[in-house]
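Please read the structure below before turning to the comments.
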Amino acid sequence: MTTRTEPGDGRSDPGLSAIMSERRRLTNLGYRLLGSLADAEDVVQETYARWYAMSAREQRAIESPGAWLMTVASRICLNLLGSARARRETYVGDWIPEPLPEPTEWITGRSGAGGTDPADRVTLDESVTMAFLVVLDAMTPAERVAFVLHDVFRYPFGEVAEIVGRTPAACRQLASSARRRIRSAQSPAGPSAGQAGIVRQFRTAWEARDIDALIRLLDPDAVATADGGGLAVTHLHPIVGSEQIARAYAEIARVSGGHTTFLECTVNGLPGLVTRQDGSLSTVFAFEIVDDRIRHIWAVRNPEKLRPWRIS
């Protein structure tokens, strides 16, 4: 199937399959820039709407439809990032990027998601780990777009400049500033298999309410951040320190009692945990592990961010 034709133009129409094959790449871009799969999919829909709002002649005049789609999606994301900062001012508690579901549990390899999984449309690498997305979220919109387009998607600064509306030299500075932020905030992570073992030990100690074991697994300066968005009960402010986190999580285990079950699932490419309460998915946990200690825990409880998760 191709787009409609108009007389008087011998240039072939961009095929529908070629245009739609860009969807995965556009979703990759939108998720990294916005930290939300739902928002990324909205951006993709808006990008395609703008493409199909053009006449066939206008479409055929575009030398590289894929590049055009990426440029439009980037500009939409840039505008959304500006308005997102204003929305965050009224957000209840801390905002955490939307966790990306995967179709398997890392302990068994068994499929845990029903239907088409959104993760199938997002390539998992270090640029979608929760730790990476949290650092991206602290950047200015221009920094974030310049860095992601250049360092992740390998766009030359000349093209980045056209999208961001700044000079290539300014975009180079923006990307350099973003790299410094990432280097200062992140430490090299260990192998995924080792991280899985630590997350499993954390789960076991948590279920047993073993405060001493939890403290040993946590970095002394660990931080636990939760996101309920005002729609789920959670800690409104980050918990800092291994002992404080251990005691808080032991209390959570005591209160939830036998109503909570755990699944060891991959979250944004790394070992994480998912909890269910009374049969319903309640929380997704992502971890940052450095030197065999948990340095950061992100607990997402906002039900709007958990909609893509379908764990049977």
Side-chain angles (χ1 to χ4, degrees), residues 27 30-45 80 83-106 111-122 124 128-131 133-134 137 199 203 206-207 223-239 245 248-249 251-287 296-312:
T27 305
Y31 181 70
R32 286 166 176 80
L33 289 179
L34 301 175
S36 166
L37 189 61
D39 288 347
E41 292 175 333
D42 287 344
V43 167
V44 172
Q45 294 303 317
L80 287 175
S83 61
R85 286 180 173 268
R87 293 198 306 271
R88 302 279 175 79
E89 293 178 2
T90 60
Y91 195 82
V92 178
D94 285 280
W95 187 93
I96 297 175
E98 179 183 319
L100 187 67
E102 287 211 56
T104 57
E105 297 173 43
W106 49 263
S111 176
T116 302
D117 197 292
D120 292 340
R121 298 193 296 278
V122 178
L124 287 170
V128 290
T129 64
M130 189 63 73
L133 291 175
V134 167
D137 189 60
V199 171
R203 168 194 171 172
W206 185 9
E207 288 181 303
V223 179
T225 308
D227 178 348
L231 302 175
V233 176
T234 192
H235 293 95
L236 289 178
H237 303 289
I239 308 170
I245 294 171
Y249 272 57
E251 177 63 14
I252 291 171
R254 185 191 69 79
V255 172
S256 61
H259 301 284
T260 300
T261 56
F262 289 85
L263 287 174
E264 297 175 335
C265 290
T266 302
V267 181
N268 287 67
L270 292 173
L273 294 174
V274 173
T275 62
R276 298 173 66 97
Q277 286 186 309
D278 298 321
S280 298
L281 188 145
S282 58
T283 313
V284 171
F285 294 89
F287 298 85
H296 210 133
I297 303 171
W298 293 279
V300 180
R301 287 181 53 77
N302 185 337
E304 293 183 351
K305 295 184 178 183
L306 300 182
R307 286 176 182 169
W309 289 77
R310 294 179 176 85
I311 305 295
S312 58

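Just so you know, residue 1 is the first one in the sequence shown, and it goes up from there.
Taking all atoms of both residues into account, the shortest heavy-atom contact from Ala248 to Ile239 is CB-CD1, 3.7 Å. Across all non-hydrogen atoms, the minimal contact from Phe285 to Ala299 is CE2-CB, 3.5 Å. Closest of all the heavy-atom pairs between Leu273 and Val267 is N-CG2, 4.4 Å. Counting all heavy atoms, side chain and backbone alike, Gly30 lies closest to Ala40 at C-CB, 3.5 Å. Considering every non-hydrogen atom in both Glu98 and Tyr31, the closest pair reads O-OH, 2.7 Å. Closest non-hydrogen pair, Pro271 versus Phe287, comes out as O-CD1, 3.9 Å.
Judged by distance alone, with hydrogens and angles left aside, the side-chain atoms of Asn268 form no donor-acceptor pair with the main-chain N or O of Pro99 at under 3.5 Å. In this structure, the side chain of Lys305 does not engage the main chain of Asp227 through any donor-acceptor pair within 3.5 Å. Side-chain N or O atoms of Arg276 include one that pairs as donor or acceptor with a backbone N or O of Gly279 at under 3.5 Å. Side-chain N or O atoms of Thr225 include none that pairs as donor or acceptor with a backbone N or O of Pro238 at under 3.5 Å.
If you take CD1 on Ile252 and NE2 on His235, they are separated by 5.0 Å, rounding to the nearest 0.5 Å. With rounding to the nearest 0.5 Å, the separation of OG in Ser36 from CG in Asp137 is 11.0 Å. Here CZ of Arg301 is found 10.0 Å from CG of Leu281. Values are rounded to the nearest 0.5 Å. Distance check: Glu41 CD to Leu34 CG gives 11.5 Å after rounding to the nearest 0.5 Å. Taken to the nearest 0.5 Å, the OG atom of Ser280 stands 13.0 Å off from the NE2 atom of His259. Taking CH2 from Trp298 and OG1 from Thr129, the interatomic distance works out to 7.5 Å, rounded to the nearest 0.5 Å.
A heavy-atom distance below 4.5 Å is found between the side chains of Pro97 and Met130. No side-chain heavy atom of Trp95 sits under 4.5 Å from any side-chain heavy atom of Asn302. Ile96 places none of its side-chain heavy atoms less than 4.5 Å from the side chain of Leu133.
Using a 30° and 60° split on the angle between ring planes, Trp206 and Tyr249 fall in the tilted class, from 30° to 60°.
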Evaluation steps, side chain to side chain contact (heavy atoms under 4.5 Å, CB included), between Thr27 and Leu37: CA-CA 8 Å; Thr27 305; Leu37 189 61; 4.0 Å; yes
